[in-house]
Amino acid sequence: MTSTSRSRIAGAIGLAVLGASTAHAAKNLALEEVVVTAQKREQSSMTVPVTVDTFTNQDLENTGALTMEDIQAYIPGLKVGDDVRGGGSTQSSFVIRGIKSSNISTGGDPSVATFLDGVYLPRAAITVPFSDMERVEVLKGPQGTLFGRNAAAGVVNFIPNAPSLEENEGFVAAKLGNYNLLRVEGMSNTPLTDALALRMNVIHNQRDAVLDMLGPATPDPGEQNNQFARIALRWETTDRLTLQMAYDIDRVDNGPQARLSISEEHASYPDPTDRKLETDAINGGETRDMQGITGKLWYDINDVATMSLIASYRAFETYNLQDEDATSDESVYVDTNNIEDSDIAYFEAQFNVSLDWVDAVFGANYSKEDTYQQTALTFSYGAVVELASAMTGVPAGVLNTLVGGVIAGNYVTETMTNEGDFETYGFFSDLDFTINDWLNVITGLRYSNDKKAFSWEAPLTDFPLSQVQGENFFFNSDGLEQGSASWDKITGRIVANAQVSEGAMAFLSYSTGYKSGGYDSLNTSSREVPLAPEVVSNIELGLKGDLLEDKIRTQVALFKMVIDDRQESIESKGPDDNGAVPTVISTDEDIQGIELTADWLVNDNLRFGLIYTYRQQESSRAAYYDKEGNFQEANQVNPTSPQEYTLTMDWSPEFDYGLLLLHLDYIYEENVDKQNEDHIDSFNRVNGYGDDTSLLNARLAWSTPGGRYEFALWGKNLLDNERVSQPGGLTGGELGTYHVGIVAPMTYGVDLRFVF
């Protein structure tokens with residue numbers, strides 16, 4: 001459901017243990033206004049002529065969400081990662097309307113731009129936790145005019161609560177559940193003077209693995225341990241000038257992803273629905289150490305003009321070592337590790353002018369990013385020999401003899417190290433003309449310029465066969481190789497929006513977006529032929545508003561999006577390659593579909609919601625080598641898009657002792673994995689493969705009169721759905737070590753909150 005819908009839904013969430021008194025009315029679930037900044041100015045979400053879905057602080061509490069992965073089912077057209085496994089904390093990517101980022105290369109960019117408190121976030125930083133978050137906005141379609149860099153498919157915008165001068169306020173909250181879930185959060189807002197306010201918030205989250213880990217490695221795959229804290233100081237120096245400074249720090253120390261082997265030859269538990277896994281990954285896990293500082297200035301130049309400035313610096317280090325064979329069989333041991341150490345400085349200036357006949361926005365932004373990435377592949381000698389036997393045609397037994405017979409306990413690691421230096425700047429304007437009482441026309445333009453310098457270095461390992469052949473199995477470079485290039489583009493939009501009734505508006509828009517070219521971190525040939533820029537055009541017809549005397553709130557969008565040179569990542573094995581590696585190719589896309597959110601207020605105490613999305617997609621690929629090394633001519637692929645919907649219900653009956661609220665949601669996603677080009681018939685024997693997603697979640701909340709104490713009971717996946725992901729794995733074809741992910745099992749617990 002939209003944030004608008006959800007935001008009013010949960011007024012009393014969580015609820016208290018103490019006490020009860022006089023009769024109390026039910027929670028009023030009426031549809032209320034949500035203010036958004038989707039067009040770089042504050043507007044009602046129901047009047048802004050953009051397809052934007054919002055998720056408010058109350059929605060986050062009602063769903064128990066911690067990151068974007070937890071709310072994707074409530075926003076049509078949004079996915080986090082490729083399948084039920086998600087992408088973890090450091091390699092997640094947002095998918096909007098079927099468009100996803102090419103790969104984990106620091107030489108490329110995401111197709112969906114992410115902003116925190118008005119500042120652009122690099123890919124490895126986008127999974128910030130929802131701590132004291134005012135709302136999350138998701139804008140669909142190209143948003144390059146106002147948001148610029150990499151907003152080709154859309155924007156995810158995190159807006160934290162700002163310090164308030166109004167009053168002292170705060171809360172402490174705890175979420176406890178099975179699998180030793182413990183989430184503790186606190187917030188304090190303190191006006192220090194009439195003009196100065198301080199706001200602090202902190203969150204600690206930990207949970208054991210939700211699968212039975214039976215292998216020798218630690219930590220357990222899927223276990224969580226992360227902390228986040230933010231402090232913000234706001235100073236209203238005069239009636240015209242306001243300053244704000246914020247600092248946040250983020251620590252993630254999670255287990256590796258939970259990958260369940262389906263190999264009957266190498267795994268003890270090849271049935272993923274047993275929820276048992278084995279891993280022997282050496283030093284596995286996923287960590288992130290991140291901090292950022294942001295300064296903001298707002299100045300009212302006069303009664304019609306304002307100015308704002310933003311300056312930010314963010315630095316992070318990540319480590320992500322995963323078990324690629326998903327077994328504890330050393331003879332097929334393969335792991336991957338992605339290490340990053342990057343920082344980004346971001347600056348933006350914006351001017352707003354509001355006249356009777358036009359609302360105008362002018363601005364410029366600049367960012368400088370320095371990146372370091374090391375991608376590592378580690379193999380046991382046994383796994384390398386198996387791969388080498390396929391490469392050379394020499395039987396594995398003969399190779400074992402040549403490299404020393406007994407090879408147990410020996411490993412080889414190949415690395416590719418990349419460094420990047422990127423600069424981006426842009427200038428933009430957006431003009432909203434009032435034609436008459438019912439019609440507005442918006443025009444916008446942006447000029448963007450991106451410059452990138454990038455390097456590759458993959459030293460030769462000391463593995464005997466590599467030394468003899470003078471090359472590694474996967475990662476190779478001719479010493480230190482370097483490349484640099486620049487790209488620029490003018491993008492824009494034109495929108496007509498009309499007030500079709502007192503409570504509803506329609507809009508028709510044409511917009512373009514752009515993602516710069518770049519480099520493939522694992523493919524040194526992109527030094528000479530960089531990745532082409534990704535260019536998007538989108539035409540959209542939308543209707544949104546409150547109908548039938550404010551009983552129904554709806555937002556519906558029909559869209560057609562065309563993407564030229566989409567940077568698609570596939571597993572590819574070229575004629576000079578010894579194995580398949582992720583490779584970026586160019587694909588042209590034609591996507592059309594419908595997205596719908598609707599809320600029906602049956603009466604003051606009962607409300608239903610619907611979120612629905614459906615797409616059709618045509619993809620025209622350039623010629624490429626597939627993962628088996630077969631050359632594929634340029635062709636057209638029409639991937640099957642699943643139908644998805646979410647149903648919600650909120651009920652707040654009359655209750656004599658405080659407020660009572662029951663929230664239910666049912667999440668359905670059609671499984672189309674068997675129509676996927678990576679499907680092979682042997683996958684059909686895997687339990688859970690091909691199952692649809694069918695999740696039922698519930699939350700019953702009670703709060704004391706006045707809302708000071710809150711208490712709630714909740715449960716997720718109450719139907720115990722067991723959908724598994726498309727089988728995959730870096731060496732699935734070569735070694736037979738395919739693995740899957742599986743949706744989390746039924747979880748349940750309680751929420752406690754004290755508001756002061």
Side-chain angles (χ1 to χ4, degrees), residues 1-13 23-36 38-39 42-59 62-63 74-76 135 137-138 140 434-440 495-509 540-558 594-613 645-655 659-666 699 701 703 707:
M1 81 174 91
T2 64
S3 80
T4 309
S5 2
R6 287 175 301 256
S7 56
R8 331 323 175 191
I9 275 184
I13 89 173
H24 203 80
K27 172 62 181 173
N28 187 346
L29 302 177
L31 304 168
E32 299 178 20
E33 182 183 53
V34 172
V35 174
V36 298
Q39 296 192 129
E42 292 189 348
Q43 296 169 294
S44 167
S45 64
M46 286 291 100
T47 60
V48 59
V50 174
T51 302
V52 53
D53 289 281
T54 55
F55 215 74
T56 68
N57 179 267
Q58 291 294 340
D59 304 329
N62 208 44
T63 59
Y74 307 97
I75 297 176
R135 68 185 184 276
E137 301 174 1
V138 179
K140 270 75 74 71
T434 300
I435 307 302
N436 52 42
D437 290 343
W438 61 272
L439 179 65
N440 280 53
V495 185
N497 63 290
Q499 198 72 27
V500 296
S501 70
E502 183 177 351
M505 59 89 71
F507 66 89
L508 178 65
S509 69
E540 191 154 338
L541 176 64
L543 173 69
K544 58 171 69 176
D546 296 334
L547 310 172
L548 301 179
E549 299 180 343
D550 295 340
K551 293 294 184 181
I552 293 179
R553 168 165 292 172
T554 187
Q555 175 176 259
V556 59
L558 299 170
I594 182 172
E595 295 164 350
L596 168 70
T597 61
D599 289 284
W600 175 31
L601 186 64
V602 180
N603 54 47
D604 290 343
N605 312 123
L606 180 63
R607 182 167 164 178
F608 294 102
L610 168 66
I611 300 99
Y612 175 79
T613 182
Y645 62 83
T646 299
L647 303 174
T648 65
M649 186 199 79
D650 292 273
W651 178 53
S652 181
E654 299 289 338
F655 189 65
L659 291 176
L660 195 66
L661 178 66
L662 173 64
H663 173 83
L664 298 174
D665 57 61
Y666 175 76
R699 190 171 189 271
S703 64

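As the structure is a prediction and not an experimental result, all values here were calculated from the model. Position 1 is the first residue of the sequence; numbering continues from there.
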Show the nearest heavy-atom pair for residues [X] and [Y], with the distance to one decimal.
{"X": "D546", "Y": "R553", "result": "OD1-NE, 2.6 Å"}
{"X": "Q499", "Y": "A504", "result": "NE2-O, 3.3 Å"}
{"X": "S652", "Y": "L660", "result": "OG-O, 2.7 Å"}
{"X": "K551", "Y": "V602", "result": "NZ-O, 4.3 Å"}
{"X": "N605", "Y": "E654", "result": "OD1-OE2, 4.0 Å"}

Atom [atom1] of [X] and atom [atom2] of [Y]: how far apart are they, to the nearest 0.5 Å?
{"X": "L508", "Y": "N497", "atom1": "CG", "atom2": "CG", "answer": "10.5 Å"}
{"X": "E502", "Y": "D550", "atom1": "CD", "atom2": "CG", "answer": "8.5 Å"}
{"X": "D665", "Y": "R699", "atom1": "CG", "atom2": "CZ", "answer": "11.5 Å"}
{"X": "T646", "Y": "Y666", "atom1": "OG1", "atom2": "OH", "answer": "10.0 Å"}
{"X": "D650", "Y": "L606", "atom1": "CG", "atom2": "CG", "answer": "8.5 Å"}

Donor-acceptor contact present, side-chain [X] to main-chain [Y], <3.5 Å:
{"X": "T554", "Y": "T597", "value": "yes"}
{"X": "Q555", "Y": "T51", "value": "no"}
{"X": "E595", "Y": "Y612", "value": "no"}

Non-neighbouring partners of K544 that pass salt bridge (Lys or Arg N to Asp or Glu O under 4.0 Å), sequence neighbours left out: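 Partners of K544 by the salt bridge (Lys or Arg N to Asp or Glu O under 4.0 Å) criterion come out as none, since no residue qualifies.
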
Salt bridge (Lys or Arg N to Asp or Glu O under 4.0 Å) against E137, all qualifying residues, sequence neighbours excluded: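 Partners of E137 under the salt bridge (Lys or Arg N to Asp or Glu O under 4.0 Å) test: R135.
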
Validation row: [X], [Y] side chains within 4.5 angstrom (heavy atoms):
{"X": "L543", "Y": "V500", "answer": "yes"}
{"X": "L596", "Y": "P76", "answer": "no"}
{"X": "M649", "Y": "L662", "answer": "yes"}
{"X": "L610", "Y": "W600", "answer": "no"}

Applying side-chain contact (heavy atoms from CB on, under 4.5 Å) to D59 and Y74, what does each step give before you reach the verdict? CA-CA 10 Å; D59 304 329; Y74 307 97; over 6 Å; no

